[in-house]
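What follows is one structure encoded as structure tokens, with my remarks underneath.
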2 protein chains.
Amino acid sequence: MPSTLGYALLGLLARKPRTGYELTRALREPIGYFWTASHSQVYPELARLEARGWVCYEIIDGPGPRDTKRYAITAAGRRALAAWAVVPPRPERSRNELLLKVYSLWLADPAAARALITAEREQHSAMLARYEKLAAQSERGDPADLAAPQFFDYATLCRGLSFERHVLAWCDWLVAALERRTGPAAP
Amino acid sequence: MPSTLGYALLGLLARKPRTGYELTRALREPIGYFWTASHSQVYPELARLEARGWVCYEIIDGPGPRDTKRYAITAAGRRALAAWAVVPPRPERSRNELLLKVYSLWLADPAAARALITAEREQHSAMLARYEKLAAQSERGDPADLAAPQFFDYATLCRGLSFERHVLAWCDWLVAALERRTGPAAP
DNA sequence: TAGCACATGTAACTCGTTACATGATTTG
DNA sequence: CAAATCATGTAACGAGTTACATGTGCTA
């Protein structure tokens with residue numbers, strides 16, 4: 001039973017073969033919205049998956065002192081991934097540093113407290129813009145085809161859009177509440 | 001500079017003095033909604049905070065083979081907490097195992113996929129009910145008093161309510177989309 | 001020619017979980 | 001009398017981050 005990262009890599013390889021470097025990049029950009037890993041985790045994990053027979057690789061020529069390996073998922077890997085995907089994940093305990101700060105914000109300087117929430121708002125606003133751009137670009141595929149990955153890409157994107165909108169609304173509410181009490185921020 | 005857990009403990013102690021055990025409990029029930037830790041983390045962290053002069057303790061008598069210590073925050077601890085609270089947290093990379101599973105759900109059995117999302121929906125439905133109960137109980141305090149903790153308790157609760165409602169709506173949408181394609185689930 | 005993207009690995013360290021350990025008091 | 005709750009600690013392990021390490025090819 002490999003780690004969650006192993007299944008993240010399998011999920012990417014089930015769509016197309018990639019090198020370790022390409023997997024690392026994918027763990028920043030499309031997958032990074034819900035799972036991340038650094039390259040120092042990726043290479044050992046690929047070796048473990050290969051030892052288990054869930055991925056295989058061919059050596060292609062590339063730059064640098066080492067071999068460049070292009071990995072692909074095997075039939076056994078695909079079966080393992082499909083089985084893992086429907087096992088309910090254990091309820092994960094949330095870790096939200098911002099909420100922890102809000103919990104102690106009554107001790108803080110009111111102007112600085114307002115600035116904290118405003119900054120957070122901007123982060124989520126930027127993230128929402130990125131998701132909206134992705135949504136505009138995405139070809140959704142045939143929505144009738146549940147065996148094609150596009151619909152599930154779209155489902156994860158919808159979750160991101162919804163999440164950012166909800167956080168944004170909460171930030172707006174909180175900033176307004178803080179301003180109502182202490183007067184609007186100085187210019 | 002202590003860990004985030006240190007500030008979580010300070011945040012609790014700024015409200016009232018507690019024993020390590022009481023802090024551990026608080027890290028499950030009220031704080032657990034946005035930060036968790038097990039008791040094996042709490043005791044060493046309390047020792048570190050004490051060494052730094054941010055908390056102090058008095059020994060009270062209790063059961064068991066060891067001393068029972070009741071910890072309280074010091075003036076220095078309170079200053080450190082107030083300063084930390086307004087420093088913007090580094091944007092945290094999300095880790096959402098369910099979304100990772102959704103990303104590979106096109107490979108899975110459609111009925112099992114539907115069951116996965118339905119189960120997730122029930123989890124969030126139960127969590128929403130807990131939050132709504134808490135909201136009904138909560139005395140919000142004088143909303144004009146930004147130096148009192150009650151308003152900020154309420155703010156974190158609002159975030160929980162909003163979060164669960166958004167996830168619930170997404171689950172409902174996804175289940176409906178999956179059913180529309182494969183026909184309603186067998187009874 | 002300096003920096004970046006490509007490309008792959010190892011090592012040290014931190015944070016968090018699980019398991020090990022002990023023992024009193026209360027409740028079913 | 002068994003189990004849960006109160007109460008506090010240490011140790012082993014696993015997952016993840018940061019830093020170390022090497023080297024090519026392209027572009028500003």
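If you take CD of B:E97 and C1' of D:dA15, they are 13 Å apart, rounded to a whole angstrom. Here the P atom of nucleotide C:dG16 and the CD atom of B:E92 are 12 Å apart, to the nearest Å. Put simply, CZ on B:R25 is 11 Å from P on D:dT5, counting in whole angstrom units. As a whole-Å value, the separation of A:D61 CG from C:dT8 P is 12 Å. Per the geometry, CZ belonging to A:R95 stands 13 Å off P belonging to D:dG16, to the nearest Å. Taking atom CG of A:D67 as the reference point, atom C1' of C:dC6 lies 15 Å away to the nearest angstrom. The separation between B:E50 atom CD and D:dG9 atom P is 11 Å, rounded to whole Å. Distance, A:E29 CD to C:dC6 P: 13 Å, rounded to whole Å.
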Between the protein and nucleotides 10-13 of chain C, list the N/O to N/O atom pairs that are separated by less than 3.5 angstrom.
none

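For the ring-ring contact (aromatic ring centres under 6.0 Å, His included) condition, the pairs that include at least one residue of residues 77-97 of chain A, sequence neighbours left out, are A:Y7-A:W84. Pairs passing the salt bridge (Lys or Arg N to Asp or Glu O under 4.0 Å) check and including a residue from residues 165-175 of chain A, sequence neighbours excluded, read A:R121-A:D172, A:E132-A:R165. Within the structure, every pair that satisfies the salt bridge (Lys or Arg N to Asp or Glu O under 4.0 Å) test and touches residues 4-15 of chain B, not counting sequence neighbours, is listed here: B:R15-B:D153. Residue pairs meeting the salt bridge (Lys or Arg N to Asp or Glu O under 4.0 Å) criterion with at least one member in residues 48-57 of chain A, sequence neighbours excluded, are A:E45-A:R48.
Residues B:R90 and B:T24 each lie close to DNA chain D; by heavy-atom proximity, the contact nearer the 5' end of the strand is made by B:T24. If B:R28 and B:R93 are placed on DNA chain D by their nearest nucleotide, the residue sitting closer to the 5' end is B:R28.
Applying the side-chain contact (heavy atoms from CB on, under 4.5 Å) rule to A:R93 yields the partners A:R90, B:T36; only residues at least two apart in sequence or on another chain are considered. Every residue two or more places apart in sequence or in another chain that forms a side chain to side chain donor-acceptor pair (under 3.5 Å) with B:Y33 is listed here: B:E29, B:R130. Residues passing the ring-ring contact (aromatic ring centres under 6.0 Å, His included) test with A:H166 are A:F163, B:F163, B:H166, sequence neighbours excluded. For B:A83, there are no side-chain contact (heavy atoms from CB on, under 4.5 Å) partners, not counting sequence neighbours.
In this structure, A:Y57 has its ring center under 6.0 Å from that of A:Y71.
Non-hydrogen atoms lying under 4.0 Å from DNA chain C are contributed by A:T19, A:G20, A:Y21, all within residues 3-22 of chain A.
A:S162 contributes no side-chain N or O that, together with a main-chain N or O of A:C158, makes up a donor-acceptor pair within less than 3.5 Å. No donor-acceptor pair closer than 3.5 Å links the side chain of B:K69 to the backbone N or O of B:G20.
Note on the helix from C:dT1-D:dA28 to C:dG28-D:dC1: angle between the axes of the first and last five pairs equals 30°, rounded to 10 degrees.
Within 4.0 Å (heavy atoms only), B:T68 reaches sugar-phosphate atoms of the nucleic acid but no base atom.
A:Y43 shares a hydrophobic cluster with A:Y21; the chain of contacts runs through ILVMFWY side chains whose heavy atoms sit under 4.5 Å apart.
The phosphate of C:dG9 (OP1 or OP2) has a side-chain N or O of A:K69 nearer than 4.0 angstrom.
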